[in-house]
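What follows is a short report on a single structure.
Numbered from 1 within each chain, the chains take letters A, B, ... in sequence-line order. Just so you know, these numbers use all the heavy atoms, side chains as well, and skip hydrogens, waters and symmetry mates.
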Amino acid sequence: DLDDWDKDEL
Amino acid sequence: MNVFRILGDVSHLLAMIILLLKIWRSKSCAGISGKSQILFALVFTTRYLDLLTNFISIYNTVMKIIFLACSYTTVYMIYGKYRNTFDSENDSFRLEFLLVPVTGLSFLENYNFTPLEILWTFSIYLESVAILPQLFMISKTGEAETITTHYLFFLGLYRTLYLANWIWRYHTESFYDQIAVVSGVVQTIFYCDFFYLYVTKVLKGKKLSLP
């Protein structure tokens with residue numbers, strides 16, 4: 001689910 | 001954002017700038033594996049598709065765009081502008097040996113069976129092995145220019161700092177990304193041998209050459 005997208009690292 | 005993470009990102013950026021400067025100033029990409037650079041461009045492309053779907057932060061967006069730009073410029077330098085200096089003979093690693101297992105694994109072992117998530121997983125797995133064509137090239141020719149070793153050093157340093165970042169985040173935020181951490185450990189291991197040669201030879205002013 002795109003709302004749960006939590007990838008803040010590069 | 002902790003100090004290990006920011007230093008890791010800076011090292012990563014520095015590595016890419018060092019590589020571009022080497023090519024640009026010497027007008028040559030001798031000793032550089034074009035295949036590794038294509039893999040890195042593929043890594044950034046498949047990982048940063050979320051630029052189009054999710055906004056995380058200004059920092060995140062700007063860094064992603066810079067990484068993509070550096071990566072594609074490097075590929076263009078090798079296969080376009082300075083292709084005459086590219087040593088394709090020694091860049092002979094078979095990419096299918098990496099791409100086939102990495103593609104398979106990203107379909108099997110991911111957080112969510114959605115296109116964006118599978119592509120993100122693919123990028124994480126691929127990044128962990130993307131440097132292998134470069135290391136293979138060095139082992140084949142038996143040497144590397146000092147500036148190329150600086151590039152590899154900062155790339156390896158970035159990996160190591162990201163490990164420290166994950167340990168920090170695990171203790172402070174209980175954050176734990178299994179796919180990223182396992183792949184990150186694998187990737188860092190590939191640099192250990194190189195780190196040893198870098199410290200024992202390059203930092204003492206010698207050229208990196210293998211016996």
Test side chain to side chain contact (heavy atoms under 4.5 Å, CB included) applied to B:F194 and B:L152, B:I138, B:I131, the passing residue |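 The option that passes is B:L152.
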
Between B:Y162, B:F44, B:F67, B:Y111, which shows the greatest number of heavy-atom pairs under 4.5 Å with chain A?
->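 Winner by heavy-atom pair count: B:Y162.
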
Carefully, step by step, assess B:F93 and B:L98 under the rule side chain to side chain contact (heavy atoms under 4.5 Å, CB included).
-> CA-CA 9 Å; B:F93 194 96; B:L98 299 179; 3.5 Å; yes

Portion of [X] that has a non-hydrogen atom of chain A nearer than 4.5 angstrom:
X	value
B:F175	side chain
B:N60	both
B:D177	neither

Can you tell me if B:K35 uses its side chain to pair, donor with acceptor, with the backbone of B:D91 under 3.5 Å?
->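 Yes.
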
Run through B:R47, B:R169, B:R5 and flag the one making a side chain to side chain donor-acceptor pair (under 3.5 Å) with A:E9.
->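 Looking at B:R47, B:R169, B:R5, the match for A:E9 under the side chain to side chain donor-acceptor pair (under 3.5 Å) is B:R169.
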
